[in-house]
Amino acid sequence: MTENTQQGPHNHHEPSTAAPADLPTQYAPAEVESELYERWVARGYFEADAKSDKPPYTIVIPPPNVTGSLHLGHAFQHTLMDALTRRKRMQGHEALWLPGMDHAGIATQNKVEQQLAEEGKSRQDLGRAEFTERVWQWKEDYGGRILGQMRRLGDGVDWTRERFTMDEGLSRAVQTVFKRMHDEELIYQAERIINWCPRCLTAISDIEVDYQDDEGELVSIRYGEGEHSVVVATTRAETMLGDTAVAVHPDDERYAHLIGQRIKLPLTDRDIPVVPDVHVNPEFGTGAVKVTPAHDPNDFAIGQRHQLPTLTVLDERGVITAHGPYEGLDRFEARSAIVAALREQGRIVAEKRPYTHSVGHCSRCSTTIEPRLSLQWWVSVGPLARAAGDAVRDGRVEIHPADLSSRYFEWVDNMHDWCISRQLWWGHRIPVWYGPEGEVVCLGPDEQPPTGEGWHQDTDVLDTWFSSGLWPFSTLGWPEETADLRRFYPTDVLVTGYDIIFFWVARMMMFGLYAMDGTPPFRSIALTGLVRDAHGKKMSKSFGNVVDPLDWMEAYGSDALRFTLASGANPGTDVPIGEDWVKASRNFANKIWNATRYALMNGATVRGPLPEPAEMTAEDRWILSRLGAVVTEVDGYYDDFQFARLSDALYHFAWDEVFDWYVELTKTTFQRGGRAAEVSQRVLGEVLDVLLRLLHPIVPFVTESLWTTLTGRESVVVADWPVDSGFRDEPAEQEVAVLQQVITEVRRFRADQGLQPGQRVPGRLALTGTPLAAHEEAIRSLLRLEPAGEDFTATAALPVAGVTVELDLSGAIDVDAERKRLTKDLGLAEKELRQTGAKLENAGFLAKAPEDVVDKIRARRVAAQEDITRIQEQLERLPRG
RNA sequence: GGGCGCAUAGCUCAGCGGUAGAGCGCUGCCCUUACAAGGCAGAUGUCACUGGUUCGAUCCCAGUUGCGCCCACCA
């Protein structure tokens, strides 16, 4: 903790012990949330102290793009990360949740270029320096938007440690890693076929290419003449201008006579060789393939095997550069023009036919990718990827849920070298300088560039994921040996989507292991699914089902959104969300609000020691017993990132057990007053105190408002996380279970009889000698039973679990309704009797089933028999209709 | 082409060898002095299909069908 939370001006008690009556009857989130958040920040609750002696707990945020705004996916992951850090902070850890943003090279550059285009300008018009200046300005203007949204969500991040992938410290980290890897030849320059986006005008890596099935046309073209001819098939006819061979399978007898021969390439004055290559599939098409080494990765490989020349015929914008009639045509125009010309020459042997094939598109702008031969920088991933795989394989890093680790392995075990250079202007410039004599110098962060004529820096920048990959340690000060780095690295858990395993997770693993001497960047990886709409459909602009989380937060409160997201968070699975569900969560928050308000009005308190169990009623002991169990249950779920289950457990415990049953059962105790009331008031205070603390990480705002009011203390943010008291009371739990059963049964009877819920009915309770004797008053109150008068004649008797309840309905009983209900129940009980009987007569079952299961079946049979007897008695007692 | 996952109430999803669960929705009654954003009671399922293992299968195994996702150098 920082000085803010220690003794000091901020430590005074807020005037938070408002009289309960002052609390409005409905929770109004919008009014309190932002105020509470700013108070937390001002008090420094979220600031981590590297010098503290508490055990550290660290999460670095997946840095959102500066260009972006908060979408539901962020809100979802942030809710989980916030809950994890808030809980650990309450558990006494030095919890650091480190925020920041990613410069998002290509995405941001595109955005600013779009803006320029609206002004009729291009980045070239501005020049590199002015353009990057403009991007920085843009970042200043819009980049902080998402940070404001994070505050709205309640993200308890340490704002004093906010980082940006392009800030100075992170740039030093980038340069340091680059130089070290360059010197160790893990980074190298090579000319290869890369994925080129003719619109973004840059290379992109394999995973930045989205493949879609596109309708293309497969045309078959005859190369050469007569005996010396061969038919090839292609979907990219325009690349034929760059063909430097035709390849056939070496064993393909159809073409044996051509191997080693040269044939005429149509539309050109060139002859190209026919080469044998085992990678040609004789079954596909004609079994002969045109080879364009400069414009196709496979062809490039064939070219290398046969020392074929590479002939570039398309420029960076996808325009034909080959001399001749097609020069200057766009690749798609050239395609039609060339097919037309070939047809005219009678070289199209089979008419072109529709052909669906997978075509790569730029993931940033959807432009069709053009494979292109060019000189780029690469990371040699072999040893790094192996280490990244091993760290998970040997258990140093755990992936949750475990079955998604196969996706991780699939990637790291088959990784190709990573193209890291981008022909962009926005990003970390490659720290390599070229001299006039062909010198190549890679510089570290403190080294001065060479001076003198003819020296120039590489013009490319690094893939944005290069700096993201350093995030877990660069944000903590690396390469400096900072206190933060020593204290908070490695981080405890990475919370991110399974869709980003390749882009980010694997790369952080590689870089972390490499730069931090084999220490993986996190202990656990908690993978989340994607947020989808209420029908499980992907949210996308084209569907029109995208929701701005701010809208829902404004309407229902941040807590409601957070609780909804947490409730849907089953590890690694997608989360559907709809407005109705957020409403339901808002209702839950309101329920918490009102239940606490009621409790305060009835004297619930946290003051003084908890009374001895001997002084408590059964319901007091029951709810405390359940409370302890819930604490342990919730802790278990946190350990496995089971947010849906812990939310569900808390929801039902709070609403069903505490708010419905316990609160209702204690009403008569409170009315009666006395010592019993004091005991229950203290118990209710205890239950709410613990419950609000348990709920706080998920719904921080409403719990803060209520907890400070309830306890008069500073803030639940810095309260202790509840510990299971260990108190359990099995008899009390059973007693309350019977009580619930009796009450429910009578209520059902009343409902069936059409009695108004408020209508008082003379009733007689035979409770003496049963465990429920002490509950008579509560039962009478809940069931609206009046004392029976002189002329009481029972017309209905409901024996449940040994308790008999008789009601005098003054002859007004609806016999038909009651007979119908009883007959139905009788049928069910008889069925149960048959089924359990069959089981217990089954020798195999008795021999092999575990004892507790057999006992359970026996108990069920006994219960069924009792039910039958009881129901039959009741049926007999009914007046004839 | 390779790999993975899913099929459970009207909808969205939990569960998982031993009496089918939740939320929302639905039906009926109720503005009961905490809450109508609420209370009480209730209805609703060949747990995709076919076989197998088992005393017992929604759950395990095999196959079928239908969806979804990931990977791949589909000329």
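Naming: A, B, ... by sequence-line order, numbering from 1 per chain. Fair warning: this is a prediction, and the values are worked out from it, not measured in the lab.
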Atom-pair distance ([atom1] on [X]; [atom2] on [N]), nearest Å:
| X | N | atom1 | atom2 | result |
| --- | --- | --- | --- | --- |
| A:Tyr211 | B:C69 | OH | P | 18 Å |
| A:Arg784 | B:U32 | CZ | C1' | 5 Å |
| A:Arg407 | B:C6 | CZ | P | 13 Å |
| A:Phe588 | B:G23 | CZ | P | 12 Å |
| A:Asp660 | B:A37 | CG | P | 17 Å |
| A:Met601 | B:C35 | CE | P | 7 Å |
| A:Asp752 | B:C30 | CG | C1' | 16 Å |
| A:Gln835 | B:A57 | CD | C1' | 15 Å |

Inter-nucleotide [atom1] distance ([N], [M]), Å rounded:
| N | M | atom1 | result |
| --- | --- | --- | --- |
| B:C74 | B:A20 | C1' | 46 Å |
| B:C11 | B:G52 | C1' | 35 Å |
| B:C61 | B:A7 | P | 14 Å |
| B:C13 | B:A72 | P | 28 Å |
| B:A48 | B:G10 | P | 13 Å |
| B:A14 | B:A22 | C1' | 7 Å |
| B:U53 | B:A62 | C1' | 11 Å |
| B:G63 | B:C69 | P | 24 Å |

Using a 4.0 Å heavy-atom cut-off across all strands, classify [X] as base, sugar-phosphate, or nothing.
| X | answer |
| --- | --- |
| A:Asp648 | sugar-phosphate |
| A:Pro576 | sugar-phosphate |
| A:Ala288 | base |
| A:Tyr408 | nothing |
| A:Phe659 | base |
| A:Lys824 | sugar-phosphate |
| A:His535 | sugar-phosphate |
| A:Val663 | base |
| A:Arg645 | sugar-phosphate |
| A:Tyr556 | nothing |
| A:Ala849 | base |
| A:Val854 | nothing |

N/O (side chain, [X]) to phosphate O (OP1/OP2, [N]) under 4.0 Å:
| X | N | result |
| --- | --- | --- |
| A:Thr744 | B:A41 | yes |
| A:Lys820 | B:G42 | no |
| A:Gln756 | B:C30 | yes |
| A:Arg747 | B:A41 | yes |
| A:Lys591 | B:G39 | yes |
| A:Arg860 | B:U19 | yes |
| A:Trp655 | B:G39 | yes |
| A:Asn587 | B:G38 | yes |

So for [X] and [N], does any side-chain atom that can act as donor or acceptor lie under 3.5 Å from a complementary atom in the base?
| X | N | result |
| --- | --- | --- |
| A:Arg586 | B:A37 | yes |
| A:Ser358 | B:C74 | yes |
| A:Glu664 | B:A34 | yes |

Report the nucleotide, chosen from [options], that has the shortest atom-to-atom distance to any side-chain atom of [X].
| X | options | value |
| --- | --- | --- |
| A:Asp580 | B:A75, B:C30, B:C24 | B:C24 |
| A:Glu410 | B:C70, B:G23, B:C11 | B:C70 |
| A:Pro850 | B:A75, B:C30, B:G18 | B:G18 |
| A:Thr235 | B:A75, B:G18, B:A34 | B:A75 |
| A:Lys856 | B:A34, B:U19, B:C30 | B:U19 |

Step by step, would you call A:Asp855 with A:Arg858 a salt bridge (Lys or Arg N to Asp or Glu O under 4.0 Å)?
CA-CA 5 Å; A:Asp855 286 348; A:Arg858 286 210 180 95; 3.6 Å; yes
Where does the angle between the aromatic ring planes of A:Phe588 and A:Phe563 fall among parallel (under 30°), tilted (30 to 60°) and perpendicular (over 60°)?
tilted
In A:Thr239, A:Asp299, A:Asp296, the residue satisfying side-chain hydrogen bond (donor to acceptor under 3.5 Å, both in side chains) with A:Lys290 is A:Thr239
Does NE2 belonging to A:His357 count more than 12 external heavy atoms closer than 6.0 Å?
yes
Looking at A:Glu215, I'd like to know if its CD atom is crowded, meaning that more than 12 non-hydrogen atoms belonging to other residues, nucleotides or ligands lie closer than 6.0 Å.
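More than 12 heavy atoms, drawn from other residues, nucleotides or ligands, come within 6.0 Å of this atom.
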Identified pairing partner of [N], criterion: Watson-Crick or G-U wobble below 3.5 Å:
| N | answer |
| --- | --- |
| B:G38 | B:C30 |
| B:G5 | B:C67 |
| B:A14 | none |

Please determine, by modelled atom types, if A:His416 and A:Asp206 share a side-chain donor-acceptor pair under 3.5 angstrom.
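Side-chain D/A pair, A:His416 to A:Asp206: absent.
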Hey, does the Lys NZ or Arg CZ of A:Lys667 hover above the aromatic six-ring of A:Tyr598, less than 6.0 Å from the centre and inside 45° of the axis?
yes
Relative to the 5' end of RNA chain B, which residue comes earlier, A:Leu755 or A:Asp533, by the nucleotide with the nearest heavy atom?
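Its nucleotide being nearer the 5' end, the pick is A:Asp533.
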Using the closest heavy atom to pick a nucleotide of RNA chain B for each, name whichever of A:His416 or A:Ala28 lands nearer the 5' end.
A:Ala28
What's the verdict on side-chain hydrogen bond (donor to acceptor under 3.5 Å, both in side chains) for A:Ser558 and A:Glu33, showing C-alpha distance, side-chain angles and the deciding distance?
CA-CA 8 Å; A:Ser558 304; A:Glu33 288 182 347; 3.0 Å; yes
Would you mind telling me which of A:Val582, A:Ile577, A:Ile698 makes a side chain to side chain contact (heavy atoms under 4.5 Å, CB included) with A:Leu565?
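Per the side chain to side chain contact (heavy atoms under 4.5 Å, CB included) rule, the option paired with A:Leu565 is A:Ile577, out of A:Val582, A:Ile577, A:Ile698.
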Establish, yes or no, whether a centroid distance under 6.0 Å links the rings of A:Trp552 and A:Tyr556.
no
